[in-house]
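Position 1 is the first residue of the sequence, and the numbers go up from there.
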Amino acid sequence: MAQIFDDISRTFSEYILIPGLTSKDCIPDRISLKTPLAKHNKGEISDIVLNIPFVSAIMQSVSDDNMAVALARNGGLSFIFSSQSIEDQAEMVRKVKKYKAGFVISDANLTPEQTLKDVIELKDRTGFSTIGITEDGKFNGKLLGLVTSRDYRPGRDNPDKKVKDFMTPYSKLITGQYGISLDEANDIIWEKKLNALPIIDDEQHLKYFVFRKDYDNHKNNPNELTDIHKRLLVGAGVNTRDYTERIPELVDAGADVLCIDSSDGFSEWQKDTIKFVKKTYGDKIKIGAGNIIDYDGFNYLAGAGADFVKVGIGGGSICITREQKGIGRGQATALIEVAKARDEYFAKNGLYVPICSDGGIVQDYHMVLALAMGADFLMMGRYFARFDESPSKKLMVGGTYVKEYWGEGSNRARNWQRYDLGDSDSLKFEEGVDSYVPYAGKLKDNLAITLGKIKSTMCSCGALSIPELKNVAKITLVSSTSIIEGGTHDIILKETKTNN
């Protein structure tokens, strides 16, 4: 006879928070949303700490390089989807790492003998308006000059005009010496009123650029998640099929953390993938695993060496795993049990393995519930798919703007690598659907509202941080009638005019 669980499989919507004492010190501006992403020993700090507890889902319709840049600039992290070629995924990782690096290796270079036509074509192809003019046209060649958009007039200047005839020559450039600190470079930029400062070595070879816009961007995005070189952090999804080929390319491209993408992570294939990473890279490369929904699943993956464990099966808005396979568990129940397993593992081994809640979020307050129930951070797909920065198309459907949103288990994604069945290279049935989500605008604007709600709710619970929230939060079950009571009822709402 099968093992029967007596507890009910519950969702976040079946719970609500009870307020605690809000002290005078507990105001939104003082709330810290920092949280560990990777495992760490007792008394130590994780090598990767998120500034906000959000990561974007490993999905074609959610996490590409544009989303990764936008989310990292606001304190979170994206896991770029793996249901694409190794080369394309690695290139997306490279784009994120090159987006803002403090010291930037020049990707746009020409020789003095090339023409204005070459300049315009290079700018159109790369998007870069600052072009290093080197002796051989290479990024590390001898610097002879600089071309910016202020040096020519498209449509009026002769496209055959030589670069050497309109570039700013080296003799008129202000440069920084290789070995200079980023603070010193920024001081020169501000003192000399420059937009870009070339960094050269003793033989005049171009090493880097430092841009004014990077300094400004950082000041406008104080929560930016960056590495020691001031580059944005980025994650990448992997599968248990081609990991020996895919992972080295992603690491070479600069991926900071990996995550195995699977609808069911309690498998020997995941253990093999984790072992490969740890044997090849040690602790230098972090890898998360999942998804699991119970005590045994967590202990298996934590024991295998996972740096974090993802919780949730069938709770995503586009996921039909429970419907198709009868596999899954209510997200709240799964999270509560796995959090207990995490805490017991920590008490026994002195090693804290963070858990990520993936799925089941419908309302913003569900995010606080998930954190209070033990999640260290949340992975979300639908939430991020609605924004300008997601890779899907924006469409007008029924007079309303929407964005396309499809699951990795759908025929559209055809991502058979996620399903660890070992003997098949094709998708036999779907575990996800193809759909739309309401278009919501820019990530930054929506994120500010969401984070404001979370901080306000945490204040009502009397918590100034996520670890404190876990300790002091009080949660109760709700009845169906109390859910009705919690919304508007017994009134006639006024119609509100909106400008389209």
Drop me the distance from D118's CG to I131's CD1, to the nearest 0.5 angstrom.
9.5 Å
L369 CG to I361 CD1 distance, which is reported to the nearest 0.5 Å
8.0 Å
Side chain to side chain contact (heavy atoms under 4.5 Å, CB included), that's the test. Do K213 and N195 meet it? Break it down for me.
CA-CA 7 Å; K213 66 180 178 64; N195 287 323; over 6 Å; no
Answer yes or no for K394 and Y401: cation-pi contact, defined as NZ/CZ to six-membered ring centre under 6.0 Å and angle to ring axis within 45°.
yes
Report yes or no: does N291 contribute a side-chain atom to a donor-acceptor pair with the main-chain N or O of G312 at less than 3.5 Å?
yes
Please test F377 against F308 for ring-ring contact (aromatic ring centres under 6.0 Å, His included), starting from the C-alpha separation and ending with a verdict.
CA-CA 10 Å; F377 57 100; F308 65 86; 5.4 Å; yes
What I'd like to find out is whether the side chain of L233 reaches to under 4.5 Å of the side chain of I48, using heavy atoms alone.
yes
Donor-acceptor check, side chain of D256 to backbone of V234, threshold 3.5 angstrom: yes or no?
yes
Beyond-backbone contact of L37 with L77, side-chain heavy atoms, under 4.5 angstrom
yes
When you look at D252 and R94, which way does the side chain to side chain contact (heavy atoms under 4.5 Å, CB included) test go after all the steps?
CA-CA 9 Å; D252 184 64; R94 286 191 188 93; 3.9 Å; yes
Under 3.5 Å donor-acceptor, D151 side chain and T148 backbone:
yes
Salt bridge check: are K286 and D47 linked by an N-O gap of less than 4.0 Å?
yes
Write down the atom of G76, the atom of I52, and the distance for their closest heavy-atom approach.
N-CG1, 3.6 Å
Give every donor-acceptor pair under 3.5 Å between a side-chain atom in residues 162-178 and any protein atom, sequence neighbours left out.
| from | atom 1 | to | atom 2 | distance (Å) |
| --- | --- | --- | --- | --- |
| K162 | NZ | E113 | O | 3.2 |
| K164 | NZ | E113 | OE2 | 3.1 |
| Q177 | NE2 | D202 | OD1 | 2.6 |

Using 30° and 60° as the class limits, which term best fits the ring planes of F211 and F209: parallel, tilted or perpendicular?
tilted
For a 4.5 angstrom cut-off between non-hydrogen side-chain atoms, does I180 reach I188?
yes
For Y152, look at atom OH and say whether over 12 heavy atoms of other residues, nucleotides or ligands are found less than 6.0 Å away.
yes
With rounding to the nearest 0.5 angstrom, report the NZ to CD1 distance, K271 to I260.
12.5 Å
Would you kindly check if the NZ (Lys) or CZ (Arg) of R342 is within the cone defined by 45 degrees around the ring axis of F346 and under 6.0 Å from the six-membered ring centre?
no
Shortest non-hydrogen separation from S56 to S63 and the atoms involved:
OG-OG, 2.6 Å
salt_bridge(K39, D376) N-O dist < 4.0 Å:
no
Side-chain donor-acceptor pair present, S129, S149, cut-off under 3.5 Å:
no
If you define the side chain from C-beta out and look only at heavy atoms, does anything of P53 sit under 4.5 Å from L371?
yes
Atom pair OG1/CD of T111 and Q114 - distance to nearest 0.5 Å
4.0 Å
When you compare the side chains of N109 and K138, does any donor N or O come within less than 3.5 Å of an acceptor on the partner?
no
Nearest heavy-atom neighbours spanning G441 and N446
C-ND2, 4.0 Å
If you measure only the distance, is there a donor-acceptor pair under 3.5 Å linking the side chains of N221 and K444?
yes
Is any side-chain heavy atom of I199 less than 4.5 Å from a side-chain heavy atom of L197?
yes
Exam field: side chain R386 to backbone Y383, donor-acceptor pair closer than 3.5 Å
yes
Just by distance, do the side chain of H205 and the backbone of D201 share a donor-acceptor pair under 3.5 Å?
no
Between K207 and I200, is there a side-chain heavy-atom distance shorter than 4.5 Å?
no
Walk me through whether V49 and I45 qualify under side chain to side chain contact (heavy atoms under 4.5 Å, CB included).
CA-CA 8 Å; V49 176; I45 298 175; 3.9 Å; yes
Nearest atoms (heavy-atom pairs only) where I58 meets I80:
CG2-O, 4.1 Å
For a quick check under 3.5 Å, do N223 and N74 share a side-chain donor-acceptor pair by atom type?
no
Q89 side chain reached by S82 side chain, heavy atoms, under 4.5 Å
yes
Heavy-atom nearest pair, C356 first then V55, reads SG-CG2, 4.3 Å
Less than 3.5 Å apart, any donor N or O on the side chain of S61 or S392 sitting next to an acceptor on the other?
no
Are S390 and Y405 close enough that a side-chain donor and a side-chain acceptor fall under 3.5 Å?
no
Output the distance between atom CZ (F387) and atom CG (L71), rounded to the nearest 0.5 Å.
9.5 Å
Do we see a donor-acceptor contact under 3.5 Å between the side chains of E184 and S181?
yes
Any donor-acceptor pair under 3.5 Å from S46 side chain to A38 backbone:
yes
Find out whether T240 and D272 are in side-chain contact, i.e. whether some heavy atom of one side chain is under 4.5 Å from a heavy atom of the other.
no
Side chain to side chain contact (heavy atoms under 4.5 Å, CB included) for L206 and F139? Distances and angles first, verdict last.
CA-CA 7 Å; L206 179 62; F139 73 91; 5.8 Å; no
N/O donor-acceptor pair under 3.5 Å between E389 side chain and L443 backbone
yes
Would you call D25-R30 a salt bridge at under 4.0 Å N-O?
yes
So does K403 pair up with D388, basic N to acidic O under 4.0 Å?
no
Distance in Å, S262 OG paired with W269 CH2, rounded so as to fall on 0.5 Å steps:
9.5 Å
Report yes or no: does E249 contribute a side-chain atom to a donor-acceptor pair with the main-chain N or O of R246 at less than 3.5 Å?
no
So, the side chain of N186 versus the backbone of I189: is there a donor-acceptor pair under 3.5 Å, distance only?
no
I'd like to know if E224 and R73 make a salt bridge, using a cut-off of under 4.0 Å between side-chain N and carboxylate O.
yes
Can you tell me if R231 and Y99 form a side-chain donor-acceptor pair at under 3.5 Å?
no
Between D227 and K97, does at least one N-O distance fall below 4.0 Å, as a salt bridge requires?
yes
For D88, all residues meeting salt bridge (Lys or Arg N to Asp or Glu O under 4.0 Å), sequence neighbours excluded:
none
Looking only at atom types and distance, does a side-chain atom of T126 sit under 3.5 Å from a main-chain N or O of L122, one as donor and one as acceptor?
yes
A302 to V353 - nearest heavy-atom pair and separation:
CB-CG2, 4.3 Å
